[in-house]
Peer 1: 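Once you've had a glance at the structure underneath, I'll fire off some questions.
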Amino acid sequence: MKVVLPDNSELELPAGATGLDAARAIGPKLAEQAVLVRADGAVQDLRAPLADGQRIQLLTTRDKDDPDALAVLRHSSAHLLAEAVRRLYPGVKIAIGPPIENGFYYDFDFPEPIREEDLERIEAEIRKELAEGREWNREEISREEAKARFAAEDEPFKVELVDTAEGDISLYTQGDFTDLCRGPHLQNSKPIKALKLTGLAGAYWRGDSTKPQLTRIYGTAFYAKDDLDAYLERVEEAKRRDHRRLGVQLDLFHLADNSPGSPFWHPKGMVIWNELEDLRRRENLRRGYVEVKTPLLYDVQTYVTSGHYENYRDNMFFTHSHGSEGEFALKPMNCPGHMLLFGSALRSYRDLPFRYAESSTLHRDELGGTLHGLLRVKHITQDDAHIFCAADQIEDEIFGCLDYASFLYDLFAMEARFELSTRPEKKLGSDEEWDFTEAALRSALAKRGIEYVVNEGDGAFYGPKIDLHMTDALGRSWQMGTIQLDAQMPQNFGLTYMGADNREHTPYVIHRALLGSLERFIGILTEHYAGDFPFWLAPVQIRVLPVGEAHADAGSTLCLRLRDAGYRAEVGEPTDTIGKRIRAAELEKIPVTIVYGDRESDESLAVRERGGAQSTLSLAALLEKLATL
RNA sequence: GCCGGAGUAGCUCAGCUGGUAGAGCAACGCUCUUGUAAAGCGUAGGCCGUGGGUUCGAGUCCCACCUCCGGCUCCA
């Protein structure tokens with residue numbers, strides 16, 4: 001048989017030859033350094049057979065930054081971890097250990113809980129394995145044989161994996177440790193030049209919170225020690241952009257025990273907040289939305305009608321009116337309010353669509369362990385809107401939302417990932433209705449040429465949704481905007497409009513929040529800019545620094561003129577040296593600083609931009625320049 | 001909610017096997033009157049997350065709770 005090499009040359013091999021055989025046929029050095037083979041684009045183990053005519057690429061230890069090459073190294077590292085843990089903790093049950101972005105993990109069921117300090121011991125044991133050296137051997141066996149083998153070893157998780165595994169069963173053995181594994185793996189442990197265990201966490205078996213919780217050990221590994229160091233440095237760098245750290249440093253907000261998950265917005269944070277609100281109002285107006293305001297408290301029956309009581313009551317805050325006539329709950333979303341508003345009068349098809357916008361305070365009693373700075377809060381504010389429309393208006397309205405979202409994310413040079421979430425198990429309405437609403441969203445995405453991934457079963461209980469996701473400084477993914485098409489809630493609230501046919505019709509509702517949560521958006525935005533907000537968002541745009549007391553009046557005058565021109569300007573009083581005040585302005589990431597001393601006048605101002613660029617400008621030239629920022 | 005960590009001055013942190021709570025920055029005062037990333041000296045600042053316990057004595061040991069951090073699950 002023949003395979004095709006990357007330079008398009010053909011290589012003749014005996015039938016059933018493997019990637020390793022191909023490497024050997026080319027040269028002994030390549031065979032030694034090979035870690036993985038890509039056959040027709042798909043990665044496979046060096047020991048697995050190639051097929052005739054395949055286009056192959058051999059990856060070696062020199063492809064140290066290739067994601068697939070890193071994955072195989074880390075996958076093998078995970079097996080070393082399992083071997084070490086099995087030796088150190090007799091009676092431990094092993095579950096599953098894949099490579100992940102930036103590393104790997106392995107899940108175990110320990111007889112006794114382990115602690116973080118155990119990681120050192122385990123890491124030392126892995127280093128011992130690396131010093132001794134390990135070779136991986138691959139074998140394929142029958143399902144029954146595999147089951148019998150892992151049953152005999154008393155490894156229930158592996159038995160379950162054999163039961164649910166697709167295709168042939170393969171085993172990998174290194175040292176005296178054999179694992180059920182599809183591979184691929186390294187030939188031996190030599191390429192693993194740097195390995196570090198990075199954390200310990202609980203994780204449910206198969207990601208299911210009703211199943212037992214296992215202990216997950218995280219680690220990472222590289223082909224070179226320098227790469228590990230660089231990675232750790234990147235992690236440190238990322239922590240410096242963390243919005244929780246910058247939020248304190250830049251005096252934007254704080255969180256306190258008095259009201260967990262509810263940010264206290266400081267004056268500077270509020271500037272950013274209000275700029276986003278202004279943006280929302282301005283754009284809503286242009287796009288035909290109308291602003292409304294609906295109550296924060298509703299009786300429980302309202303939430304029963306909307307379906308939220310059934311689905312989310314555990315995450316709602318309940319309260320009683322005095323006299324205890326009835327139970328009320330703080331709204332966790334705006335939908336019921338907007339439904340009731342639409343239903344408060346007779347509606348005509350001529351007035352559709354109604355686009356009700358409201359940026360309102362919502363409260364969600366999130367599970368304790370899930371709160372996270374501004375990114376996951378109990379006090380949440382959405383740039384929310386509900387569009388009530390007829391079936392033939394859905395597509396245009398979805399387009400409107402998608403275009404609006406693109407406009408907003410482009411404005412911040414942020415790139416969101418689109419996801420389509422489809423019908424969940426627990427849902428309202430018939431499959432026919434969901435066929436229609438899901439198709440409408442798919443079609444809108446396709447017509448706009450937007451790439452997206454599908455999250456099967458992840459939709460809201462009342463309808464499918466398009467979500468926009470972004471990653472934070474530490475690489476975690478967060479849902480930002482959402483566009484949801486709902487055929488259910490309007491029915492539950494008995495909403496209708498009078499059609500051209502003089503009959504009542506039920507409207508569709510598009511629930512949409514484009515920035516998503518203001519809190520989360522500001523958190524992500526802070527990390528996106530690493531605190532260096534663009535001029536229009538900067539809490540303080542200009543700081544005037546009089547060199548000495550003698551220049552204080554002139555500095556104040558200049559500051560007032562800049563304020564008159566509409567800028568957020570302030571004076572840095574001459575209580576410290578000029579050097580120190582410039583340093584402070586830099587640390588506060590103020591875009592423009594103006595030093596004012598004996599040499600300055602309206603004709604000649606010493607302007608310093610964040611980062612150090614200096615220029616001498618007249619006041620008129622400065623105002624001109626500021627207008628372009 | 002679950003697993004693992006952590007809570008000491010406004011911020012960043014030190015405080016060993018139990019023996020009178022510390023530093024730097026910030027704040028405040030005085031001196032200096034400043035020229036593009038840190039002037040000097042001084043003062044003040046603490047229920048050591050909260051509540052219980054052990055002890056002659058607890059920041060330190062034990063229990064419970066709260067909050068935060070890394071994950072898991074969840075995210076209308």
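Only this structure's heavy atoms are used, side chains among them; waters, hydrogens and symmetry mates stay out. Below, read A as the first sequence line, B as the second, and so on, with proteins coming before strands; counting in each chain starts at 1.
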Peer 1: Applying a 4.0 Å non-hydrogen cut-off, can you work out what Tyr218(A) is touching in the nucleic acid: base, sugar-phosphate, or nothing?
Peer 2: sugar-phosphate
Peer 1: With heavy atoms under 4.0 Å as the rule, sort Leu371(A) into base, sugar-phosphate or nothing.
Peer 2: sugar-phosphate
Peer 1: Rounded to whole Å, please give me the gap between CZ in Arg543(A) and C1' in G35(B).
Peer 2: 17 Å
Peer 1: When the P atoms of C62(B) and U54(B) are considered, how many whole Å apart are they?
Peer 2: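 These two P atoms come out 15 Å apart once rounded.
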Peer 1: Any side-chain N or O of Arg608(A) below 4.0 angstrom from OP1/OP2 of A37(B)?
Peer 2: yes
Peer 1: Among A76(B), G71(B), A37(B), find the nucleotide with the atom closest to the side chain of Arg583(A).
Peer 2: A37(B)
Peer 1: Using whole Å, report how far CE of Met489(A) lies from C1' of A76(B).
Peer 2: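 Distance, rounded to whole Å: 8 Å.
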Peer 1: Could you check whether Glu586(A) pairs with Arg610(A) (Lys NZ or Arg NE/NH1/NH2 to Asp/Glu carboxylate O, under 4.0 Å)?
Peer 2: no
Peer 1: Record whether the side chain of Glu366(A) comes under 3.5 Å of the base of G1(B) through a donor-acceptor pair of N or O atoms.
Peer 2: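 Side chain to base: no pair below 3.5 Å.
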Peer 1: Regarding C75(B), can its base be found pairing with the side chain of Arg376(A) as donor and acceptor, where the two atoms are less than 3.5 Å apart?
Peer 2: yes
Peer 1: Assign Arg115(A) to base, sugar-phosphate, or nothing according to its heavy-atom contacts below 4.0 angstrom with the strands shown.
Peer 2: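 It contacts sugar-phosphate atoms only.
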Peer 1: Could you tell me whether the side chain of Leu622(A) reaches within less than 4.5 Å of the side chain of Leu562(A), counting heavy atoms only?
Peer 2: yes
Peer 1: With rounding to the closest Å, how many angstrom separate the C1' atoms on G7(B) and U12(B)?
Peer 2: 14 Å
Peer 1: Under a 3.5 Å cutoff, is there a donor and acceptor pairing between the side chains of Glu519(A) and Gln382(A)?
Peer 2: no
Peer 1: For a quick check of understanding: with a heavy-atom distance under 4.0 Å over all strands, which category does Asn311(A) fall into, base, sugar-phosphate or nothing?
Peer 2: nothing
Peer 1: When you match Arg476(A) and Gly368(A) each to their closest nucleotide on RNA chain B, which lands nearer the 5' end?
Peer 2: Gly368(A)
Peer 1: When the ring centroid of Phe354(A) is compared with that of Phe342(A), is the distance short of 6.0 Å?
Peer 2: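 So the answer is yes for these two rings.
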Peer 1: Taking any heavy-atom pair under 4.0 Å as a contact, classify Pro260(A): base, sugar-phosphate, or nothing.
Peer 2: sugar-phosphate
Peer 1: Say whether Asp365(A) and Asn315(A), considering side chains only, have a donor N or O and an acceptor N or O under 3.5 Å apart.
Peer 2: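 No, no side-chain donor-acceptor pair sits under 3.5 Å.
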Peer 1: Within 45 degrees of the axis of the six-membered ring of Tyr231(A) and under 6.0 Å from its centre: does Arg234(A) put its NZ or CZ there?
Peer 2: no
Peer 1: Please report the distance separating the P of G52(B) from the corresponding atom of C68(B), rounded so that it comes out in whole Å.
Peer 2: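 Result for the P pair: 23 Å, nearest Å.
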Peer 1: With rounding to whole Å, what would you report as the distance between G59(B) and C16(B) at their P atoms?
Peer 2: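 Their P atoms lie roughly 12 Å apart.
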Peer 1: Please state how far atom CG in Asp576(A) lies from atom P in A27(B), giving the value in whole angstrom units.
Peer 2: 7 Å
Peer 1: Looking for any heavy atom pair under 4.0 Å, which part of the strands does Gly612(A) touch: base, sugar-phosphate only, or nothing?
Peer 2: nothing
Peer 1: Provide the distance between the two P atoms, one in A64(B) and one in G5(B), to the nearest whole Å.
Peer 2: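 The answer is 14 Å between these two P atoms.
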Peer 1: Taking atom P of G35(B) as reference, at what distance in whole Å does atom CD of Glu549(A) sit?
Peer 2: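 Roughly 15 Å, once rounded to whole Å.
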Peer 1: Check this one for me: any side-chain N or O of Arg244(A) less than 4.0 Å away from OP1 or OP2 of G70(B)?
Peer 2: yes
Peer 1: Measure the distance from NE2 on His372(A) to C1' on G70(B) and round it to the nearest whole Å.
Peer 2: 10 Å
Peer 1: May I ask you to say what Gln479(A) touches in the nucleic acid, namely base, sugar-phosphate or nothing, with a heavy-atom cut-off under 4.0 Å?
Peer 2: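 Result for Gln479(A) = sugar-phosphate.
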Peer 1: When you compare C28(B) with U20(B), how far apart are their P atoms, in angstrom units rounded to a whole number?
Peer 2: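 After rounding to an integer number of Å, I get 34 Å for this pair.
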Peer 1: Using atom C1' of each nucleotide, how far apart are A14(B) and A21(B) to the nearest Å?
Peer 2: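 So the two C1' atoms sit 11 Å from each other.
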Peer 1: Measure from the side chain of Lys580(A), starting at C-beta and using heavy atoms only, and say which of U33(B), A26(B), G4(B) lies closest.
Peer 2: A26(B)
Peer 1: By the 4.0 Å heavy-atom rule, please label Asn315(A) as base, sugar-phosphate, or nothing.
Peer 2: base
Peer 1: To the side chain of Asp257(A), which of U67(B), A76(B), G35(B) is closest?
Peer 2: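 Nucleotide nearest to Asp257(A)'s side chain: U67(B).
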Peer 1: Counting the atoms with a prime plus P, OP1 and OP2 as sugar-phosphate, which does Ile582(A) contact under 4.0 Å by heavy atoms, base, sugar-phosphate, or nothing?
Peer 2: base
Peer 1: Classify Ala201(A) by what it touches in the nucleic acid, base, sugar-phosphate, or nothing, heavy-atom distance under 4.0 Å.
Peer 2: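 Result for Ala201(A) = base.
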Peer 1: Using a 4.0 Å heavy-atom cut-off across all strands, classify Glu586(A) as base, sugar-phosphate, or nothing.
Peer 2: base
Peer 1: For the side chain of Val595(A), starting at C-beta, report the closest nucleotide among G35(B), G70(B), A76(B).
Peer 2: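 Looking only at heavy atoms from C-beta outward on Val595(A), the closest nucleotide is G35(B).
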Peer 1: Does the side chain of Tyr462(A) come within less than 4.5 Å of Gln484(A)'s, by heavy atoms?
Peer 2: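 Side-chain contact under 4.5 Å: yes.
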Peer 1: Measuring from the side chain of Ala460(A) (C-beta onward, heavy atoms only), which nucleotide among G5(B), A76(B), G35(B) has the closest atom?
Peer 2: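 Nearest nucleotide to the side chain: A76(B).
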Peer 1: Dot-bracket for RNA chain B, please, read 5' to 3', with Watson-Crick or G-U wobble pairs under 3.5 Å on both distances, ( ) within the strand, [ ] crossing, | other strand, . unpaired.
Peer 2: (((((((..((((.....[..)))).(((((.......))))).....(((((..]....))))))))))))....
Peer 1: Would you say that Thr422(A) contacts Asn455(A) through its side chain, given a criterion of any heavy-atom pair below 4.5 Å between the two side chains?
Peer 2: no
Peer 1: Whether the side chain of Gln541(A) engages the backbone of Ala538(A) through a donor-acceptor N/O pair (distance < 3.5 Å, no angle test) should be reported.
Peer 2: no
Peer 1: Give one of base, sugar-phosphate or nothing for Leu587(A), where a contact means two heavy atoms less than 4.0 Å apart.
Peer 2: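 Leu587(A): base contact, heavy atoms under 4.0 Å.
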Peer 1: Checking Asp384(A) against His511(A): is there a side-chain donor and acceptor pair closer than 3.5 Å?
Peer 2: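 The criterion, which ignores hydrogens and geometry beyond distance, is not satisfied for Asp384(A) and His511(A).
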Peer 1: Looking at A39(B), G70(B), C11(B), which one has an atom nearest to any side-chain atom of Val248(A)?
Peer 2: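 So the nucleotide nearest the side chain must be C11(B).
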Peer 1: Choosing from G35(B), C75(B), C72(B), which nucleotide comes nearest the side chain of Arg599(A)?
Peer 2: G35(B)
Peer 1: If you take atom types as modelled and just measure distance, does the side chain of Tyr204(A) reach the base of G1(B) with a donor-acceptor pair under 3.5 Å?
Peer 2: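 Answer yes: a donor N or O sits under 3.5 Å from an acceptor.
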Peer 1: Using a 4.0 Å heavy-atom cut-off across all strands, classify Thr577(A) as base, sugar-phosphate, or nothing.
Peer 2: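 Here Thr577(A) touches the bases of the nucleic acid.
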Peer 1: In whole Å, what separates the C1' atom of C11(B) from that of G45(B)?
Peer 2: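 Approximately 13 Å lies between the C1' atom of C11(B) and that of G45(B).
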Peer 1: Distance under 6.0 Å and angle within 45° of the ring axis: does Arg74(A) meet both against Phe222(A)?
Peer 2: yes
Peer 1: If you check every side-chain atom of Glu116(A), which of G35(B), G5(B), A76(B) has the closest atom?
Peer 2: G5(B)
Peer 1: To the side chain of Gln614(A), which of U36(B), G5(B), U34(B) is closest?
Peer 2: U36(B)
Peer 1: Which residue lies toward the 5' end of RNA chain B, Leu200(A) or Glu117(A), if each is placed at its nearest nucleotide?
Peer 2: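 With Leu200(A) and Glu117(A) compared, the 5'-side residue is Glu117(A).
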Peer 1: Distance to the ring centre below 6.0 angstrom and angle to the axis at most 45 degrees; does that hold for Arg241(A) and Tyr529(A)?
Peer 2: no
Peer 1: Calculate the interatomic distance between Glu120(A) atom CD and G4(B) atom C1'; express it in whole Å.
Peer 2: 15 Å
Peer 1: Round to the nearest Å and state the distance from Tyr312(A) atom OH to U73(B) atom P.
Peer 2: 16 Å
Peer 1: With sugar-phosphate meaning primed atoms plus P, OP1 and OP2, does Glu588(A) contact a base, only sugar-phosphate, or nothing at under 4.0 Å between heavy atoms?
Peer 2: nothing
